[in-house]
Amino acid sequence: MKSAWRVMKFGGTTVGTPSRLAKAAGLIREAQLEGPVAVVVSAMGDTTDHLLEAVRAVREGQVESAIRIVAAIQADALRVVEETSSLLGVRFDEGEVTRLSQLVLAPLRLVLEGAAPARLVTPALSDYVVSFGERLSAPLIAHLLNKAGVSAVPADARDWVITNDAFGHARPYVQETFERLHALSASWGDAVPVVTGFIGATRDGRTTTLGRNGSDFTAAL
């Protein structure tokens, strides 16, 4: 693994508005010139709260409400990326960003549609649903960085943060986590990894969350 990593963590308010996200991109660009940088990001703005609203809609069997929430999350993310692109002076390709967000959110729509008729909500389902905030922000921010001239790659923390199955407040198996990180980091090359904070996965691949403010934990790891 690279030595002398510097880890930059950006919370939801920092990546949730165009002006703040553009400033964050500038800080990352400056830091990347001085050596290896890893970036950990939260979900944009209030996305996690909106996803919890979608979970409540599923519990009440309101599939249409849940799907509308997802559509609003996608629209807001597209707006933030478009306005941030303008502030950074880079080209905004709406079709490309729309396809990227649709690819990320398609599994979320499927699971909401499947769970709502039975009103089937478990802690595991809730963790899976709220994980999509970070799973959306990381690739979109990596996309913006690449457009701004910073080589970046989205990195899903579920690929290396291995946890127990205490959904909602999972704890990592530290040695396994470090071994996975050591192996995975080699694939990043000189690119800046933009890592999903707050989430991990059990040994059998189920999505977990580390609790609110868990992206700080991800950055520490």
Side-chain angles (χ1 to χ4, degrees), residues 6-33 37-56 66-105 108-109 129-157 191-199 209-220:
R6 283 173 301 161
V7 180
M8 306 177 75
K9 182 262 177 178
F10 298 98
T13 57
T14 305
V15 299
T17 65
S19 60
R20 290 177 176 176
L21 182 52
K23 183 176 182 180
L27 292 172
I28 295 166
R29 182 163 48 192
E30 292 174 6
Q32 185 257 348
L33 296 175
V37 174
V39 173
V40 176
V41 296
S42 297
M44 291 180 170
D46 296 325
T47 299
T48 298
D49 290 333
H50 296 323
L51 289 168
L52 287 171
E53 291 174 11
V55 172
R56 287 191 287 271
I67 296 304
R68 281 197 299 270
I69 290 169
V70 176
I73 288 170
Q74 181 180 16
D76 191 55
L78 291 175
R79 177 191 59 80
V80 170
V81 173
E82 179 177 14
E83 294 181 17
T84 305
S85 297
S86 178
L87 291 173
L88 292 173
V90 300
R91 184 176 66 88
F92 173 70
D93 186 332
E94 182 177 3
E96 184 178 3
V97 178
T98 299
R99 286 191 296 274
L100 177 58
S101 61
Q102 286 176 337
L103 182 65
V104 171
L105 295 173
L108 173 59
R109 289 187 170 95
V129 171
V130 300
S131 74
F132 279 88
E134 277 75 4
R135 290 164 64 182
L136 181 62
S137 64
L140 290 179
I141 292 169
H143 169 84
L144 279 170
L145 289 172
N146 279 298
K147 291 291 186 180
V150 177
S151 178
V153 59
D156 192 331
V192 174
V194 182
V195 183
T196 57
F198 170 70
I199 64 176
T209 66
L210 307 181
R212 296 304 290 261
N213 300 314
S215 56
D216 291 343
F217 198 173
T218 308

Any side-chain heavy-atom pair of [X] and [Y] under 4.5 Å:
{"X": "Asp216", "Y": "Leu210", "answer": "no"}
{"X": "Thr98", "Y": "Gln74", "answer": "yes"}
{"X": "Pro154", "Y": "His143", "answer": "no"}
{"X": "Arg20", "Y": "Thr13", "answer": "yes"}
{"X": "Val39", "Y": "Ile141", "answer": "no"}
{"X": "Pro139", "Y": "Val104", "answer": "yes"}
{"X": "Met44", "Y": "Leu140", "answer": "yes"}
{"X": "Ile28", "Y": "Phe10", "answer": "yes"}

Heavy-atom closest contact ([X] atom, [Y] atom, distance):
{"X": "Ser85", "Y": "Leu144", "result": "OG-CD2, 3.3 Å"}
{"X": "Leu87", "Y": "Ala22", "result": "CB-CB, 4.0 Å"}
{"X": "Ala148", "Y": "Arg29", "result": "O-NH1, 3.2 Å"}
{"X": "Leu51", "Y": "Val129", "result": "CD1-O, 3.6 Å"}
{"X": "Pro193", "Y": "Ala191", "result": "CD-O, 3.3 Å"}
{"X": "Val40", "Y": "Gly197", "result": "CG1-CA, 3.7 Å"}

[X] side, atom [atom1]; [Y] side, atom [atom2] - distance, nearest 0.5 Å:
{"X": "Asn213", "Y": "Phe198", "atom1": "CG", "atom2": "CZ", "answer": "9.5 Å"}
{"X": "Leu21", "Y": "Thr84", "atom1": "CG", "atom2": "OG1", "answer": "4.0 Å"}
{"X": "Phe92", "Y": "Leu78", "atom1": "CZ", "atom2": "CG", "answer": "6.0 Å"}
{"X": "Thr48", "Y": "Glu134", "atom1": "OG1", "atom2": "CD", "answer": "5.0 Å"}
{"X": "Glu82", "Y": "Glu94", "atom1": "CD", "atom2": "CD", "answer": "6.5 Å"}
{"X": "Leu105", "Y": "Leu100", "atom1": "CG", "atom2": "CG", "answer": "9.0 Å"}

Requested in this report: Please report the C-alpha distance between Met8 and Leu27 in whole Å, then the side-chain angles of each, then the deciding distance to 0.1 Å, and finally whether the side chain to side chain contact (heavy atoms under 4.5 Å, CB included) criterion is met.
Outcome: CA-CA 9 Å; Met8 306 177 75; Leu27 292 172; 4.0 Å; yes
With no hydrogens and no angle check, is any side-chain donor or acceptor of [X] less than 3.5 Å from a backbone partner on [Y]?
{"X": "Thr196", "Y": "Arg135", "result": "no"}
{"X": "Thr218", "Y": "Gly214", "result": "yes"}
{"X": "Asn146", "Y": "Ala142", "result": "yes"}

Requested in this report: Mark yes when over 12 heavy atoms from residues, nucleotides or ligands other than Lys9 sit less than 6.0 Å from its NZ; otherwise mark no.
Outcome: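 Count over threshold, so yes.
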Requested in this report: Tell me, yes or no, whether the heavy-atom count around Asp49 atom CG, taken from other residues, nucleotides or ligands under 6.0 Å, exceeds 12.
Outcome: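 Counting other residues, nucleotides and ligands, CG of Asp49 exceeds 12 neighbours.
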